[in-house]
Amino acid sequence: MAHTHDHSGHDHSGHDHIGHDHGPGHVHGSTDKKRVLIAACLTGGFMVAEALGGILTGSLALLADAGHMLADSIALGLAWYAFHLAGRPATVRLTYGFGRVKTLVAYTNGIAIFVIALWIVYEAWGRLQAPAPVLGGPMLAVAILGLLVNIGSFFVLHGGDRESLNMRGAILHVLGDLLGSAAAIAAALVILATGWTPIDPILSVLVSLLILYTAWSLMREAAHVLLEGVPPSLDRDLIARDIETTIQGVREVHHMHVWSLDGTSSMATLHACLDEGVDAHQAVSAVKKRLASEHGISHATVEPEFGQCADDGEHDHGHEHEAAAYHDHHH
């Protein structure tokens, strides 16, 4: 029985997936990495020009956009580094590899955008109390250039993997910049036409509010992954019932956990209570095949049981999860 369990718990395709992220995602990873680096260079380069433009013209909308671009070039640089790390194989200490670095970066990005957006709102409030002069002509020229750079970055990133949280975070940054540049152009046109300078801080606040909303949704998704939540596309209880009804010899499924390592690849651990006389190895193989083909869970640890559950009386789920992960990688 112990020998059967030994083999059934060891899934080569699963290990492959965690260590190296083969398959379509792997191809995406290398092109995404290049895309993010190009966008980081474009954004970082123009950010300096826009900051200088903002100071010279006295435009908060330009400074706000330069602030976004600073955060974005840092964020895009971090996103590039996350892709770079994610390609590394797992180590003895980091048995799951570096896949989750991307999610951590996405979460940190969200926080960074939040802080910048709040600063712009604060600064705009001051400007509305005491309007400052703004040079409309140069502001318009800088804003149009900024828009062109951002459109370029957006198209570079847009061809990447839309499922990746890290890639979505990067696109979100560039979209924020695009809006910032569009707002700066609108503000410059109004100032040139009417000389009404309060439009500058008003539009910078509107952009900030939009960015706050998008940053919040990105942070929420990244936090869900970091908290080992069940991926939105999956239903743990339905999957458990599906295994009980379709796999012959499986009487009950319990202690089931489903989570995602990086927002793209899903994993599961579960206990399968088997009927007496059922071949444990065959049952476990059938469960794994079902999880992979029907539910897209390519890496699963299945513990077969006869009679009483080995964990009865011990309902420490966190500990059980760690034990399952340990079991998976040390067999």
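The structure presented is a predicted model; accordingly, all values stated were derived computationally and were not measured.
The line from CD of Q248 to CD of Q282 is 10.0 Å long, rounded to the nearest 0.5 Å. A distance of 9.5 Å separates OG of S204 from CD1 of I199, quoted to the nearest 0.5 Å. Atom CD1 of I120 is separated from atom CG of L212 by 9.0 Å, given to the nearest 0.5 angstrom. Summarising the geometry, atom CG belonging to L203 is positioned 11.5 Å from atom CD1 belonging to I185; distances are rounded to the nearest 0.5 Å. Here the CG atom belonging to L104 is positioned 12.0 Å from the CZ atom belonging to F98, to the nearest 0.5 angstrom. Separation of atoms CD1 (I239) and NE2 (H295) is listed at 5.0 Å; rounding is to 0.5 Å.
Scanning both residues, A182 and L147, for their nearest heavy atoms gives N-CD1, 4.2 Å. Heavy atoms only, all atoms of each residue included: A283 and I247 are closest at O-CG2, 4.2 Å. Nearest heavy atoms, S181 versus E50: OG-OE2, 4.3 Å.
Using a 4.5 Å cut-off between side-chain heavy atoms of Ile, Leu, Val, Met, Phe, Trp and Tyr, with links allowed through other members, I144 and L189 fall into the same hydrophobic cluster. Under the 4.5 Å side-chain heavy-atom criterion for Ile, Leu, Val, Met, Phe, Trp and Tyr, Y81 and F83 are members of the same hydrophobic cluster. Cluster annotation: I202 is not connected to W125 through the hydrophobic network of ILVMFWY side chains, with a link wherever side-chain heavy atoms come within less than 4.5 Å. Hydrophobic clustering, with ILVMFWY side chains joined whenever heavy atoms are under 4.5 angstrom apart, groups M47 together with I38. The hydrophobic clustering, which links ILVMFWY residues whose side-chain heavy atoms are closer than 4.5 Å, places V284 and F306 together.
Put simply, the residue from L274, V287, V278 that forms a side chain to side chain contact (heavy atoms under 4.5 Å, CB included) with P304 is L274.
Put simply, the side chain of H255 reaches to within 4.5 Å of the side chain of C309, judged on heavy atoms. Using a 4.5 Å heavy-atom threshold, the side chains of V36 and L157 count as touching. You'll find the side chain of I171 reaches within 4.5 Å of the side chain of L175, heavy atoms only. Side chains of K33 and L37 form no contact here, defined as non-hydrogen atoms less than 4.5 Å apart. Under the 4.5 Å side-chain criterion, counting only non-hydrogen atoms from C-beta, I297 is in contact with L234. Looking only at side-chain heavy atoms (C-beta outward), E303 and L270 stay at 4.5 Å or farther from each other. Here the side chains of M219 and F114 are in contact, with some heavy-atom distance below 4.5 Å. A heavy-atom distance below 4.5 Å is not found between the side chains of M256 and T269.
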Please evaluate residues R127 and T197 with respect to the criterion side chain to side chain contact (heavy atoms under 4.5 Å, CB included), reporting the C-alpha separation (whole Å), side-chain torsions for both, the decisive distance (0.1 Å), and the verdict.
CA-CA 9 Å; R127 288 281 184 105; T197 52; over 6 Å; no
Walk me through whether N150 and L42 qualify under side chain to side chain contact (heavy atoms under 4.5 Å, CB included).
CA-CA 8 Å; N150 290 323; L42 279 173; over 6 Å; no
For L94 and T91: C-alpha separation, side-chain torsions, deciding distance, then whether side chain to side chain contact (heavy atoms under 4.5 Å, CB included) applies.
CA-CA 5 Å; L94 290 168; T91 67; 3.4 Å; yes
Under the side chain to side chain contact (heavy atoms under 4.5 Å, CB included) criterion, do I243 and L291 qualify, and how do the steps go?
CA-CA 8 Å; I243 290 167; L291 285 172; 3.6 Å; yes
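Side-chain atoms of S260 come within 3.5 Å of backbone atoms of S265 as a donor-acceptor pair (strictly under, hydrogens ignored). The main-chain N or O of G229 is never found under 3.5 Å from a side-chain atom of H257 such that the two would form a donor-acceptor pair. A donor-acceptor contact shorter than 3.5 Å links the side chain of D200 to the backbone of A61. A donor-acceptor pair under 3.5 Å links the side-chain atoms of R100 to the main chain of L261, judged by distance alone.
Other residues, nucleotides and ligands place more than 12 heavy atoms under 6.0 Å from the CH2 atom of W119. Within 6.0 Å of atom CD in Q129, more than 12 heavy atoms from other residues, nucleotides or ligands are found, so the atom counts as buried in its surroundings. Crowding of Y107 atom OH: a count of heavy atoms from other residues, nucleotides or ligands under 6.0 Å not exceeding 12.
Taking a 4.5 Å side-chain heavy-atom cut-off between Ile, Leu, Val, Met, Phe, Trp and Tyr, the cluster of L56 contains only that residue.
Listed by chain and number, the residues in a ring pair (Phe, Tyr, Trp, His ring centres under 6.0 Å) with F154 are H158 (sequence neighbours excluded). A search for salt bridge (Lys or Arg N to Asp or Glu O under 4.0 Å) contacts involving R290 returns D242, not counting sequence neighbours.
Ion pairing between R168 and E221 holds under the 4.0 Å rule for side-chain N and carboxylate O. Between R251 and E305 no salt bridge is recorded (no basic side-chain N to carboxylate O distance below 4.0 Å).
Between the side chains of E244 and H254, no donor-acceptor pair of N or O atoms lies under 3.5 Å.
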